[in-house]
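I have placed the structure first, in the form of structure tokens, so that the comments after it can refer back to it.
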Amino acid sequence: METDCNPMELPNNTGFEEDSDYTDFEGTEVKDMRLEAEAVVNDVLFAVSNMFVSKTLPCAEDVAYINVETRERNRYCLELTEAGLRVVAYDFDQTDDRLQTPYHETVYSLLDSLSPAYREVFGNALLQRLEALKKESQS
């Protein structure tokens, strides 16, 4: 099951806001990747064993690193850039330049490819949310 949304929190708005984490940089919108990485962690922490933004590897406006341990106890270091997310090492706070893994547009897609347990927990959370919405609409 591949999905591009968090079933627990659907956005209330989709428009650009002046006080968002986008800043004007020579006429273009640039995301602060540390803020983006924190948002990624908050979105899927419920479905993995452990996940946090690396304090060891450098974060910048264009790159951040996220450590994740799946429910299967596999550890990964993820690189987050405008291109997406990809695995850069098979341990926390590491990068391996020889590793050539594909980019994923979303953390959901990446974790779906790495962790069957994530897929199950995420799917169950989605089902629970849909059941709650159904009950809500019936009352």
Across all chains, not counting sequence neighbours, the side-chain hydrogen bond (donor to acceptor under 3.5 Å, both in side chains) partners of Tyr90 are none
Sequence neighbours excluded, the answer for side-chain contact (heavy atoms from CB on, under 4.5 Å) partners of Ser137 is none
Heavy atoms of Leu80 and Val40 approach each other most closely as CD2-CG2, 4.4 Å
So CD of Glu131 and CG of Asn124: to nearest 0.5 Å the spacing works out to 9.5 Å
| Sidechain-backbone polar pair: Arg119 side chain, Asp112 backbone, donor-acceptor under 3.5 Å | yes
Give the intermediate values and the outcome of side-chain contact (heavy atoms from CB on, under 4.5 Å) for residues Cys77 and Leu57.
CA-CA 10 Å; Cys77 185; Leu57 296 173; 3.6 Å; yes
Smallest heavy-atom separation, Leu99 atom then Val87 atom, equals CD2-O, 3.9 Å
Across all chains, not counting sequence neighbours, the salt bridge (Lys or Arg N to Asp or Glu O under 4.0 Å) partners of Asp96 are Arg98
Q) Going through the checks in order, is the side-chain contact (heavy atoms from CB on, under 4.5 Å) test met by Asp43 and Met51? A) CA-CA 10 Å; Asp43 278 352; Met51 190 172 197; over 6 Å; no
Are Arg73 and Glu69 close enough for a salt bridge, meaning some N to O gap below 4.0 Å? yes
Scanning both residues in full, the closest heavy-atom pair of Val68 with Leu111 reads CG2-CD2, 4.2 Å
Residue set satisfying side-chain hydrogen bond (donor to acceptor under 3.5 Å, both in side chains) with Glu72, at least two apart, ordered chain then number -> Thr70, Ser115
Residue set satisfying side-chain contact (heavy atoms from CB on, under 4.5 Å) with Ala47, at least two apart, ordered chain then number -> Tyr118, Val121
- Can you check whether Thr106's main-chain N or O pairs, donor with acceptor, with Ser109's side chain at less than 3.5 Å? no
In short, Leu78 meets Val88 closest at the heavy-atom pair C-CG2, 4.3 Å
When rounded to the nearest 0.5 Å, the distance separating CZ of Arg75 from CG of Asn50 is 7.5 Å
Would you mind reporting whether Tyr65 and Asp93 have side-chain heavy atoms less than 4.5 Å apart? no
side-chain hydrogen bond (donor to acceptor under 3.5 Å, both in side chains) filter on Thr95, not counting sequence neighbours, yields none
Residues at least two apart in sequence or cross-chain that pass salt bridge (Lys or Arg N to Asp or Glu O under 4.0 Å) with Arg34, listed by chain then number, are none
Interatomic distance, CD1@Ile66 vs CD@Glu79, rounded to 0.5 Å, equals 10.5 Å
Besides Phe92, the hydrophobic cluster formed by Ile, Leu, Val, Met, Phe, Trp and Tyr side chains linked at under 4.5 Å, directly or via other members, contains Phe52
- Query: Side-chain contact, heavy-atom cut-off 4.5 Å: Val53 with Cys59?
  - Reply: yes
Met33 and Ala60 have their tightest heavy-atom pair at CB-O, 3.5 Å
Going by chain and number, the hydrophobic cluster around Tyr103 (ILVMFWY, side chain to side chain under 4.5 Å) further includes none
Here the gap from Leu127 atom CG to Lys134 atom NZ, rounded to the nearest 0.5 Å, amounts to 11.5 Å
So if you build clusters from Ile, Leu, Val, Met, Phe, Trp, Tyr with side-chain heavy-atom gaps below 4.5 Å, do Leu114 and Val41 land together?
-> yes
Nearest heavy-atom approach of Arg71 to Ser49 is CA-OG, 3.3 Å
